[in-house]
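Take a look at the structure set out below.
Everything numeric in this text was worked out from a predicted model, so none of it was measured. For the numbers below, each heavy atom of this structure counts, side chains included, while hydrogens, waters and symmetry mates do not.
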Amino acid sequence: MRLLRFLIAAVCALAALTLPGVAAAPARAAAAPPQTVPALRQWTAGSGAYTFTNTSRIAVDPASAAQLGDEAATLADDLAARTGRTVAVVTGAPATGDIALGLGDTTLPAEGYRMTVGAAVTIRAGTDTGAFYGTRTLLQLLHQSASVPAGTAVDWPTKPERGLMIDQGRKFFTVAWVRQHIKELAYLKLNYFHFHLSDTFGFRLESSTHPEIVSTDHYTKQDIAGLVALGQRYHVTIVPEIDTPGHMNAILAAHPELRLKNRSGTASAEFIDLSLSGSYTLIKDLVNEYLPLFPARYWHIGADEYVTDYGSYPQLLTYARAHYGPGATAKDTYYGYVNWADALVRAGGKTTRMWNDGIKSGDGTVTPNADIVVEYWYNYGLTPQQLAAAGHTVANESWTPTYYVLGGAKPDTRWMYETWTPDLFQGGTTLSDPARNPGSLIHVWCDNPGAETEDQIAGGIMYPLRGLAQQT
């Protein structure tokens, strides 16, 4: 309960982010560790305090100026938004009241930093990312008070992936909302933004190869380029998902000839027919069109909630035996597709990610390639440990406590904060090697897109994002 009270107190102090017109909380007593979300790993109190004034500058170590120029400029812009004045960026030693940025601390993890607070604030790290996160801590402290108690903080994350997924396929989120949340993720030291860009109600990307599938509400390629650039500035990676071979309603509405038909001739609105060459042509067109648009190292193929009753689709069995041998099962058509898509992604220089629910034991002769990152969201099929034993990296995207469903389930933030860790998977399972799990996200699923507005969603995920930040 002490930890929960700390989180609530800290969120009350920090909830406004950079929004104008919100009164700052009073400064804490000098002897206490400064309040931040996530909490600082280490804090050694000093004597006195630092004060940010109208003459405070950002002083970049000349030896690090080339690497930290972007971080200094971003901090200057964020401070200007906070204070209403221009904050100068200089190269050289700091004076009293300045903020110094530098590299060269090789004792820290890649995203770690050391912040020393005295007459000036000095943030040092081994990488530009670490230095950036030091600036986020300082912004949180200056949001509470212009004075920061003297001392030294040493901080680094538990997991390399920490962030947010939004289901844009079912509900369109405006560019302004996405931009605000890129900045909010960074403010909380979260670094991963998963764009679920296609699903039941929409396909949200401008397309030159298949304009017929694009929904009225969509992102232009220029929109995406701007969001990617903002993400790079704020150290937030944007990873796209075009969900296939299921959840393809919006795409198949324009291509009914590719809908999967059962033995009675009834066509599915959501499943593409993986026995048809045209299905592969369409998906290849889209993946190859968009791979260059997203510089992230990952591409998410979806691969969730495809066919359950394979016996209803004899063409899938025929296809599997023609391609994978006489002993193949109909499910091998799905597994073969996953590996085909993985090869396409790898040819584009990226690593494939997929949801876990389609990977089961004993239902096929083909196995998904081990280089695919599997995102474990529910205890269907193989356990996280079985997936890891098969060679996969296994990300913890468990329904409990990370799913925020419009008109449905919401994260239990008390349980998240007091009990859950990012290494506790759905169903209570764990990995023998936690390093095989890169981290976790909050997932906003828009099954009922009209149930909440953008503002309501932003308010609803405020505590879950902060709980996730603390735990990761």
Side-chain angles (χ1 to χ4, degrees), residues 14 17-18 24 27 30 33-36 40-157 183 186-189 191 230 232-236:
L14 303 171
L17 297 178
T18 55
Q35 286 189 344
T36 62
L40 298 172
R41 281 187 181 268
Q42 298 176 9
W43 172 256
T44 303
S47 299
Y50 163 85
T51 301
F52 183 83
T53 70
N54 288 333
T55 60
S56 294
R57 308 169 303 166
I58 299 167
V60 183
D61 183 342
S64 310
Q67 299 98 313
L68 294 182
D70 290 344
E71 286 66 37
T74 299
L75 176 60
D77 286 348
D78 292 339
L79 288 170
R82 176 82 189 131
T83 65
R85 73 169 180 87
T86 299
V87 178
V89 176
V90 299
T91 302
T96 297
D98 285 349
I99 301 163
L101 302 181
L103 298 177
D105 193 329
T106 58
T107 66
L108 295 167
E111 295 181 90
Y113 64 91
R114 187 184 312 274
M115 183 179 72
T116 304
V117 182
V121 173
T122 300
I123 296 169
R124 285 205 168 269
T127 67
D128 59 344
T129 301
F132 175 78
Y133 288 133
T135 69
R136 301 305 93 181
T137 292
L138 181 60
L139 282 175
Q140 288 195 14
L141 298 177
L142 292 178
H143 178 74
Q144 298 170 64
S145 172
S147 293
V148 179
T152 299
V154 183
D155 197 24
W156 65 93
K183 292 182 178 181
Y187 192 77
L188 299 171
K189 302 186 182 75
N191 65 355
L230 184 68
Q232 290 173 330
R233 186 180 186 197
Y234 279 86
H235 293 260
V236 173

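- When every heavy atom of Gly97 is checked against every heavy atom of Ser56, the shortest pair comes out as O-OG, 2.6 Å.
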Side chains of residues 64-73: which donor-acceptor partners sit under 3.5 Å, not counting sequence neighbours?
from: Ser64; atom 1: OG; to: Leu103; atom 2: N; distance (Å): 3.0
from: Glu71; atom 1: OE2; to: His235; atom 2: NE2; distance (Å): 2.8

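- Side-chain contact between Val121 and Leu138 is present, with heavy atoms from C-beta onward closer than 4.5 Å.
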message: Checking Leu108 against Arg114 for the side-chain contact (heavy atoms from CB on, under 4.5 Å) test, could you report, in this order, the C-alpha distance in whole Å, the side-chain angles of both residues, the deciding distance, and whether it holds?
response: CA-CA 8 Å; Leu108 295 167; Arg114 187 184 312 274; 4.1 Å; yes
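- Scanning both residues, Pro34 and Pro149, for their nearest heavy atoms gives CG-CG, 4.4 Å.
- Across all their heavy atoms, Ala120 and Ala95 have their closest contact at CB-O, 3.6 Å.
- Among the candidates Thr107, Thr116, Asp105, Asp61, the single residue satisfying the side-chain hydrogen bond (donor to acceptor under 3.5 Å, both in side chains) test with Arg124 is Asp61.
- Rounding to the nearest 0.5 Å gives a distance of 13.0 Å between CH2 of Trp156 and NZ of Lys189.
- The stretch residues 136-146 participates, sequence neighbours left out, in these salt bridge (charged side-chain N to carboxylate O under 4.0 Å, His left out) pairs: Asp78-Arg136.
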Derivation and outcome, side-chain contact (heavy atoms from CB on, under 4.5 Å), residues Tyr50 and Leu141: CA-CA 11 Å; Tyr50 163 85; Leu141 298 177; over 6 Å; no
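- Taking every heavy atom of both residues into account, Ser47 and Ala150 meet most closely at O-CB, 3.2 Å.
- A donor and an acceptor atom, one from each side chain of Thr51 and Thr53, are nowhere located under 3.5 Å apart.
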query: After noting the C-alpha distance and the side-chain angles of Tyr187 and His143, does the key distance pass the side-chain contact (heavy atoms from CB on, under 4.5 Å) rule?
result: CA-CA 11 Å; Tyr187 192 77; His143 178 74; 3.8 Å; yes
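- In this structure, Glu111 CD and Asp128 CG are separated by 10.5 Å, a value rounded to the nearest 0.5 Å.
- Across every non-hydrogen atom of Gly92 and Ala59, the tightest pair is O-CB, 3.5 Å.
- Between Ala153 and Leu40 the shortest heavy-atom distance is CB-CD1, 3.8 Å.
- Between the Thr152 side chain and the Thr44 main chain, no donor and acceptor come within less than 3.5 Å of each other.
- Judged purely by atom type and a 3.5 angstrom limit, Tyr113 has no side-chain atom pairing as donor or acceptor with the backbone of Val154.
- Annotation: salt bridge (Lys or Arg N to Asp or Glu O under 4.0 Å) contacts of Asp98 (sequence neighbours excluded): Arg57.
- In this structure, the separation between OG1 on Thr135 and CG on Leu79 is 8.5 Å, given to the nearest 0.5 Å.
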- request: Go through the steps to decide whether Tyr133 and Asp155 satisfy the test side-chain contact (heavy atoms from CB on, under 4.5 Å), and finish with yes or no.
  value: CA-CA 9 Å; Tyr133 288 133; Asp155 197 24; over 6 Å; no
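- Residues Leu139 and Arg82 are not in side-chain contact: their nearest non-hydrogen atoms beyond the backbone lie 4.5 Å or more apart.
- A distance of 8.5 Å separates CG in Leu142 from CG in Leu75, rounded to the nearest 0.5 Å.
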Full working for salt bridge (charged side-chain N to carboxylate O under 4.0 Å, His left out) between Arg233 and Asp77: CA-CA 12 Å; Arg233 186 180 186 197; Asp77 286 348; 2.3 Å; yes
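- Of the possible donor and acceptor atoms, none in the side chain of Gln35 sits under 3.5 Å from a partner among the backbone N and O of Gln144.
- With hydrogens and angles disregarded, no donor-acceptor distance shorter than 3.5 Å links the side chain of Thr36 to the backbone of Thr137.
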